[in-house]
Amino acid sequence: MEKLVLIDGNSIAYRAFFALPPLSNSSGLHTNAVYGFTTMLLRLIDEQKPTHFLVAFDAGKVTFRHEGYQEYKGGREKTPSELSEQFPVIKDLLRAFGISQYQLEGYEADDIIGTMTRIADEQKKQVVVVTGDKDMLQLASEQVTIALTRKGISEVELYDPAFIQEKYGLTPDQIIDLKGLMGDTSDNIPGIPGVGEKTALKLLHEYGSVEQVLEHVEDMKGKMKDKIRDHAEDARMSKRLATIHREVPMEADWNAIRYEGYQPETLSEMFRKLEFKSLLERLDLPQSAPVNEVEKEELQIHVVGEEGLEEFRPQLERVTSVHVEAYGENPHTASLIGAGFHTGDGQAYYISAETLLSGKARFLQEWFADETRAKTIFDAHYAEVVLAWKGITLAGVGFDTQLAAYLLDPTETNYEMSEQARKYGLPAVGSDESVYGKGAKYRLPELGLLAEHIGRKAATAHKLAEIQRRELEKNEMNRLFYDLELPLSKLLADMELKGIRVDVEGLKKYGEELSANIESLQNRIYELAGGPFNINSPRQMGEILFEKLDLPVIKKTKTGYSTDAEVLEKLEPYHEIVRQILLYRTLAKLQSTYVEGLLKEVRPETGKIHTYYRQTIAATGRLSSQFPNLQNIPIRLEEGRKIRKVFTPSEEGWLILAADYSQIELRVLAHISQDKNLMEAFTENMDIHTKTAMDVFGVSESEVDANMRRSAKAVNFGIVYGISEYGLSQNLNITRKDAGKFIEQYFEVFQGVRRYMDEIVKQARNDGYVKTLLERRRYLPEIKASNFNIRSFAERTAMNTPIQGTAADIIKLAMVRVAERLRQEKLRSRMLLQVHDELVFEVPEEELELMKKLVPEEMEKALELNVPLKADVSYGQNWQEAK
DNA sequence: CCACTCACG
DNA sequence: ACGTACGTGAGTGGG
């Protein structure tokens, strides 16, 4: 038996959206309506076993109903963007299911469904109409059953004419009269005021229809009589509006809407994109397509040895993407494995490191270095560094798929090609771990598998780039990507490759000093503790302090007593040992992390350290630094600051020059919040913390004491981090209530800042993301979490990310511009380090005067804000002196 | 491999 | 009632 299932697409999407909690996939796309829709489809297919299937959608804002009644559906809330963005996805989903869909300009889904059911009635076909809209009951007939959703969408109730009779005492036709009398607030259909469902049913049971009710109005009495008489025309119009149009000019081709079932592969691809993991399992499919099958269909992989290079050579012309594979997290020490080349026609070529580096591959090495040959690549920065250590230059990178993936979602923790392929539904790529194993078990697989893996990565890079180009365009990130991040990745690689010189002898000497001090401290601590223990073990220290010495427990960790600096500072008055431990910790940290840690990273041949800046880690857009981290070299304490002495120029007679932005984050905040007071502070070039203290405490400049300034400074930090009473109270060691008072007073004076904080959180809730001045995005799906902590965290992130992120944008812009000036003016000075708001250079003495001007100048004009940017410059024989 | 601690902006 | 300040990386201990 043939059976048609007709779905009211808009109605079900709305129901699903409001019935389900917010869901989103890792790219920030909301998916709750899609999810609800999907479960509904799966259930209908299972339970109804349709032979024909059609989903109807509304089209166009104005329908024929508006012609007689402008206010139709007026007063309705605008569809939330979280829902409207899901409509295109639902349409894709239907295509993946193989279910037909239909919409017609100027008509609503009801009318399309009305027309289909009329045809079905005439042809005696069975139909089930699925909707959340009671009006549709008017379509019920012997052939047509209406499935109305109940409580959200998890259940439906089936209405045939008999059931409607039983429930309302009405025929399906009379449903229209019911609405004519009672109206419908959601569609802004008036009906008769004061007539609700109860009255309307009573009237219809007595008279049968709107027309009959109006005709017999004189038989009635009291208020009811007046109301009906006064609103007779409203009732007639309401009935017209509620009547589903059943003659839509559409080709109702019964065969075109035949439903043949879905292709599990197509559907699973869709589910993977949407990250519907539970539904994927329900489909009972392998989690990824078998690799071999895909290979045969889509990609042929060739291994090119030295003898094959000449034959491969002409193919280079057609290379669309290249992948450089190496082993090791640190590109400065990684070993090159080989490279894959994809040529766009389903061919990929694998060339091993040995072959790449051979004399016969000169043409290939030149190709890598050729700036005019645009290359698409995954992680150009890593590749450039790895290749450079092998003597190969990489230039002409036109697209970087890892960098693009980061911009499209900077919170992702794994940009591996296998993940990206899965995310975009591309043919599967094996994960590195599955191919190589990990840790001590790392092994190169046999040549065939290796070539397969690397060739596939090259091909995937090309396909990914095609998708990502469009996404970047859509997000208005072209400038950010092509003019900032991509040039920066090259610049970073070049900075790292040059490295920074370290005075190894000086560092060792300092280490010896430390060792002596640490040893005497250790002895003193053992003495005070009454015996030796491992001071580096928080657990053992906890036993000593809180059990043996019986000091008060201030704070606990998941696993035991907390012994961090904050706790120890509170314990200082109780026992002499505490001070010694604090001192020990400071020195031990310096010794292990900074003396020994740095010494391990110095290349003995050159006496230089090559850090690795990572451009795809920090969710705010900042850089991070690894192997070693040169962005956390001590400075706050005098003892630690000495470490900076060992960072020196690499050439005789050169100097270290450092320039840092003054209060860049608060200046950015002044700009984006447009707060008058904050802007004024910076245009007048005032000390911002003093100014804040003056305003918050209502005192004159001379009355601001050190304590007031310290509090104001903490409030300013708090503001940038996304203020909370609790956080500020912790920081200032005051009560929550007092912290609350500070914050309130702050907002009283900086009202523009308060407005910004409110707005940005609202914006994050609406859009699902926040962005920086350069359109860098960060998705915050958790802003809608019901858990207070999770939601609050997202709210603070919403406040902080545009500030920290814009500051990151600005210094990145400055780096690109300074590098450009150095090149243009053929200067020998070199950019060495970036520490979030600071740039460090080594400069020949004769360039010092020029650089002292050039660097802060470029930093200050990197981006024009409505407050000035300020950069201070200093220099000296080493990094400590350049302060 | 995780928890803890601590260095930086 | 909830119990965190934002963003990172590295060393050490202990299961």
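Note that these values count all heavy atoms, side chains included, but never hydrogens, waters or copies made by symmetry.
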A.B. asks: Measure the distance from CG on A:Asn632 to C1' on C:dG11 and round it to the nearest whole Å.
C.D. replies: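 Nearest whole value for this atom pair: 11 Å.
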A.B. asks: Which part of the nucleic acid does A:Leu590 contact within heavy-atom distance under 4.0 Å: base, sugar-phosphate only, or nothing?
C.D. replies: nothing
A.B. asks: Any chance you could measure A:Tyr769, atom OH, to A:Arg776, atom CZ, to the nearest 0.5 Å?
C.D. replies: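 Result: 15.0 Å between the selected atoms.
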A.B. asks: Answer with base, sugar-phosphate or nothing: what part of the nucleic acid does A:Asn800 contact at a heavy-atom distance below 4.0 Å?
C.D. replies: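 A:Asn800: backbone/sugar contact only, no base atoms under 4.0 Å.
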A.B. asks: Nearest to the side chain of A:Ser724 - C:dT4, C:dT12, C:dA10?
C.D. replies: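 In terms of side-chain proximity for A:Ser724, the closest of C:dT4, C:dT12, C:dA10 is C:dT4.
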A.B. asks: Counting distance alone, no hydrogens or angles: does the base of B:dC8 have a donor or acceptor under 3.5 Å from a partner atom on the side chain of A:Gln631?
C.D. replies: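 In this structure, the two groups form no donor-acceptor pair.
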A.B. asks: Are side-chain heavy atoms of A:Glu795 and A:Arg765 found at a separation under 4.5 Å?
C.D. replies: yes
A.B. asks: Counting any heavy atom closer than 4.0 Å, what does A:Ser562 reach on the DNA or RNA strands: base, sugar-phosphate only, or nothing?
C.D. replies: sugar-phosphate
A.B. asks: Parallel, tilted or perpendicular, judged at 30° and 60°: which one describes the rings of A:Tyr415 and A:Tyr406?
C.D. replies: perpendicular
A.B. asks: Are OP1 or OP2 of C:dG9 and a side-chain N or O of A:Lys589 less than 4.0 angstrom apart?
C.D. replies: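 Checking C:dG9 against A:Lys589, no side-chain N or O comes under 4.0 Å of OP1 or OP2.
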A.B. asks: Would you mind classifying the nucleic acid contact of A:Ala619 as base, sugar-phosphate or nothing, using non-hydrogen atoms under 4.0 angstrom?
C.D. replies: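 Result for A:Ala619 = sugar-phosphate.
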A.B. asks: Between atom CG in A:Leu582 and atom C1' in B:dA7, what is the gap in whole Å?
C.D. replies: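 Computing the A:Leu582:CG to B:dA7:C1' distance gives 15 Å.
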A.B. asks: Angle between ring planes, A:Tyr746 versus A:Phe750, binned at 30° and 60°: parallel, tilted or perpendicular?
C.D. replies: parallel
A.B. asks: For a quick check of understanding: with a heavy-atom distance under 4.0 Å over all strands, which category does A:Ser625 fall into, base, sugar-phosphate or nothing?
C.D. replies: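 Sugar-phosphate, backbone atoms only, no base.
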A.B. asks: Measuring from the side chain of A:Arg644 (C-beta onward, heavy atoms only), which nucleotide among C:dG11, B:dC1, B:dC8 has the closest atom?
C.D. replies: B:dC8
A.B. asks: Are A:Arg636 and B:dG9 close enough that a side-chain N or O sits under 4.0 Å from OP1 or OP2?
C.D. replies: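 Checking A:Arg636 against B:dG9: at least one side-chain N or O falls below 4.0 Å of OP1 or OP2.
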A.B. asks: Which part of the nucleic acid does A:Ala808 contact within heavy-atom distance under 4.0 Å: base, sugar-phosphate only, or nothing?
C.D. replies: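 No contact.
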A.B. asks: Check the distance between C:dT8's P and A:Leu623's CG and give it to me in whole angstrom.
C.D. replies: 12 Å
A.B. asks: With a 4.0 Å cut-off on heavy atoms, is A:Ala714 in touch with a base, just the backbone sugar-phosphate, or nothing at all?
C.D. replies: base
A.B. asks: Which base, if any, makes a Watson-Crick or G-U wobble pair with C:dA1, both distances under 3.5 Å?
C.D. replies: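 Across all strands, not a single nucleotide pairs with C:dA1.
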A.B. asks: May I have the distance from A:Lys556 (atom NZ) to B:dA3 (atom C1'), rounded to whole angstrom?
C.D. replies: 16 Å
A.B. asks: With a non-hydrogen cut-off below 4.0 angstrom, is A:Gln804 in contact with a base, only sugar-phosphate, or nothing?
C.D. replies: base
A.B. asks: State, yes or no, whether a side-chain contact exists between A:Ile803 and A:Tyr756 at a heavy-atom distance under 4.5 Å.
C.D. replies: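 Side chain of A:Ile803 against side chain of A:Tyr756, heavy atoms only: contact under 4.5 Å found.
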A.B. asks: Output yes when at least one side-chain N/O atom of A:Arg585 is less than 4.0 Å from OP1 or OP2 of B:dC6, else no.
C.D. replies: yes
A.B. asks: At 4.0 Å (heavy atoms only), tell me whether A:Asn534 reaches a base, stays on the sugar-phosphate, or touches nothing.
C.D. replies: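 Result for A:Asn534 = sugar-phosphate.
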A.B. asks: So, does A:Thr563 get its side chain near the phosphate of B:dC4, meaning an N or O under 4.0 Å from OP1 or OP2?
C.D. replies: no
A.B. asks: How far, in whole Å, is B:dC4 from C:dT4 if one measures between their P atoms?
C.D. replies: 13 Å
A.B. asks: C:dG9 P sits how many Å from A:Glu329 CD, rounded?
C.D. replies: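 Interatomic distance, CD of A:Glu329 to P of C:dG9: 10 Å.
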A.B. asks: Just checking A:Gly718: base, sugar-phosphate only, or nothing, at a heavy-atom cut-off of under 4.0 Å?
C.D. replies: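 Base contact - A:Gly718 has a heavy atom under 4.0 Å of at least one base atom.
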A.B. asks: Remember a base hit wins even if backbone is also touched, and classify A:Val835 as base, sugar-phosphate or nothing at under 4.0 Å, heavy atoms.
C.D. replies: sugar-phosphate
A.B. asks: Measure CD1/A:Ile664 against P/C:dC6 and give the value in whole Å, please.
C.D. replies: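 It is 21 Å, rounded to the nearest whole Å.
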A.B. asks: Look at all strands and tell whether A:Ile635 reaches a base, only sugar-phosphate, or nothing, counting heavy atoms closer than 4.0 Å.
C.D. replies: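 Here A:Ile635 touches the backbone only, sparing every base.
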A.B. asks: Is the shortest side-chain N/O distance from A:Ser624 to OP1 or OP2 of C:dG9 below 4.0 Å?
C.D. replies: yes
A.B. asks: Quick one: A:Asn536 CG to C:dA10 P, roughly how many Å, whole number?
C.D. replies: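 For the pair A:Asn536 CG and C:dA10 P, the rounded distance is 19 Å.
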A.B. asks: Check whether any side-chain N or O of A:Arg614 sits under 4.0 Å from OP1 or OP2 of C:dG9, and answer yes or no.
C.D. replies: no
A.B. asks: Which sits closer to the 5' end of DNA chain C, A:His836 or A:Tyr726, going by the nucleotide each is nearest to?
C.D. replies: A:Tyr726
A.B. asks: Relative to each other, are the rings of A:His381 and A:Tyr612 parallel, tilted or perpendicular (30° and 60° limits)?
C.D. replies: perpendicular
A.B. asks: Counting side-chain heavy atoms from C-beta on, which of B:dG9, C:dA5, B:dA7 comes nearest to A:Leu728?
C.D. replies: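 For A:Leu728, the side-chain atoms sit closest to C:dA5.
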A.B. asks: Rounded to whole angstroms, how far apart are OH on A:Tyr594 and C1' on B:dC8?
C.D. replies: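 A:Tyr594 atom OH is separated from B:dC8 atom C1' by 6 Å.
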A.B. asks: Does any non-hydrogen side-chain atom of A:Tyr510 lie less than 4.5 Å from one of A:Leu590?
C.D. replies: yes
A.B. asks: Side chains of A:Leu488 and A:Leu623: closer than 4.5 Å at any heavy-atom pair?
C.D. replies: yes
A.B. asks: Using OP1 and OP2 only, check whether a side-chain N or O of A:Ser537 sits under 4.0 Å from C:dG14.
C.D. replies: yes
A.B. asks: Which label fits A:His689 and A:Phe717: parallel for a plane angle under 30°, tilted from 30 to 60°, or perpendicular past 60°?
C.D. replies: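 Rings of A:His689 and A:Phe717: parallel, as their planes differ by under 30°.
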A.B. asks: Answer with base, sugar-phosphate or nothing: what part of the nucleic acid does A:Glu665 contact at a heavy-atom distance below 4.0 Å?
C.D. replies: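 No contact.
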A.B. asks: When the P atoms of C:dA5 and B:dA3 are considered, how many whole Å apart are they?
C.D. replies: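 16 Å, rounded to whole Å.
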A.B. asks: Per the atom types in the model, does the base of C:dG7 pair as donor or acceptor with the side chain of A:Arg796 at under 3.5 Å?
C.D. replies: no
A.B. asks: When you check the phosphate oxygens OP1 and OP2 of B:dC4, does a side-chain N or O of A:Thr557 lie under 4.0 Å from one of them?
C.D. replies: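 Affirmative; the distance criterion is met.
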A.B. asks: Quick check: any donor-acceptor pair below 3.5 Å linking the side-chain of A:Arg539 to the base of C:dG14?
C.D. replies: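 Side chain to base: no pair below 3.5 Å.
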A.B. asks: Students often get this wrong, so: under 4.0 angstrom with heavy atoms, is A:Arg778 touching a base, only sugar-phosphate, or nothing?
C.D. replies: sugar-phosphate
A.B. asks: Answer yes or no as to whether C:dC2 has its base stacked against A:Phe788, where stacking requires a ring-centre separation under 5.5 angstrom and planes under 30 degrees apart.
C.D. replies: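 A stacking contact does not exist, since A:Phe788 is not both close and nearly parallel to the base ring of C:dC2.
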